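The structure presented is a predicted model; accordingly, all values stated were derived computationally and were not measured.
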Amino acid sequence: MKMSEIITQTKTNQLCAGIDTGKAWLDIALSDGRTLKRRKNSEGGRLALVAELQKLGVTRVGIEATGGYEAPICISLREAGLEVQVFQPMQVKSWAKFKLA
């Protein structure tokens with residue numbers, strides 16, 4: 001197997017999620033291009049989202065820091081054993097600028 005095949009295989013085998021967190025809602029996108037149904041940023045919405053992500057096989061989640069609104073979903077995800085990375089808004093803005101350049 002060539003190195004490029006190994007790298008491609010590694011990139012495509014791990015399903016990751018990105019969550020845009022707000023006071024009332026959680027908007028979810030998956031690394032394979034799918035988006036999931038918007039969830040309420042409530043205990044019930046968070047529990048349903050965690051269960052769905054686990055069912056789909058998501059192992060890593062990235063979330064932009066939003067003044068504390070991200071804390072409850074981060075706790076729920078980590079308690080469920082998912083790896084969570086919280087990004088600072090400047091990191092997200094810089095990445096988007098880079099990708100669009």
Visitor: For residues 63-70, dump all side-chain donor-acceptor pairs below 3.5 Å to protein atoms at least two apart in sequence or in another chain.
Guide:
{"residue": "Thr66", "atom": "OG1", "partner": "Glu70", "partner atom": "OE1", "Å": "3.2"}
{"residue": "Glu70", "atom": "OE1", "partner": "Thr66", "partner atom": "N", "Å": "2.8"}
{"residue": "Glu70", "atom": "OE1", "partner": "Gly68", "partner atom": "N", "Å": "3.1"}

Visitor: Tell me whether Asn41 contacts the main-chain N or O of Leu26 through its side chain, where contact means a donor paired with an acceptor under 3.5 Å.
Guide: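 No, because the side chain of Asn41 does not come within donor-acceptor range (under 3.5 Å) of the backbone of Leu26.
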
Visitor: For Arg78, give me all partners under salt bridge (Lys or Arg N to Asp or Glu O under 4.0 Å), at least two apart in sequence or on another chain.
Guide: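 With sequence neighbours excluded, Arg78 shows a salt bridge (Lys or Arg N to Asp or Glu O under 4.0 Å) to no residue whatsoever.
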
Visitor: Using the test salt bridge (Lys or Arg N to Asp or Glu O under 4.0 Å), find all partners of Arg46 that sit at least two apart in sequence or belong to another chain.
Guide: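 Listed in chain order: nothing, the list is empty.
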
Visitor: Using the side-chain contact (heavy atoms from CB on, under 4.5 Å) rule, take Val58 and Cys16 through it: C-alpha gap first, then chi angles, then the decisive distance, then the call.
Guide: CA-CA 5 Å; Val58 171; Cys16 302; 5.5 Å; no

Visitor: Step by step, work out the side-chain contact (heavy atoms from CB on, under 4.5 Å) result for Leu30 and Thr35.
Guide: CA-CA 6 Å; Leu30 301 178; Thr35 57; over 6 Å; no

Visitor: How about Gln14 and Thr59: does a side-chain donor come under 3.5 Å of a side-chain acceptor?
Guide: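 Short answer, yes.
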
Visitor: Heavy atoms, side chains only, cut-off 4.5 Å: are Val61 and Ile73 in contact?
Guide: no

Visitor: List the residues meeting side chain to side chain donor-acceptor pair (under 3.5 Å) with Asp27, not counting sequence neighbours, and say none if there are none.
Guide: Arg38

Visitor: Throw together a table of side-chain donor-acceptor distances under 3.5 angstrom for residues 47-55, partners on residues two or more places apart or in other chains.
Guide:
{"residue": "Glu52", "atom": "OE1", "partner": "Arg39", "partner atom": "NH2", "Å": "2.4"}
{"residue": "Gln54", "atom": "NE2", "partner": "Ala80", "partner atom": "O", "Å": "3.2"}

Visitor: So, using side chain to side chain donor-acceptor pair (under 3.5 Å) as the criterion, who are the partners of Gln85 when residues are at least two apart?
Guide: none

Visitor: Hydrophobic clustering (ILVMFWY, side-chain heavy atoms < 4.5 Å, transitive) - are Trp25 and Leu77 grouped together?
Guide: no

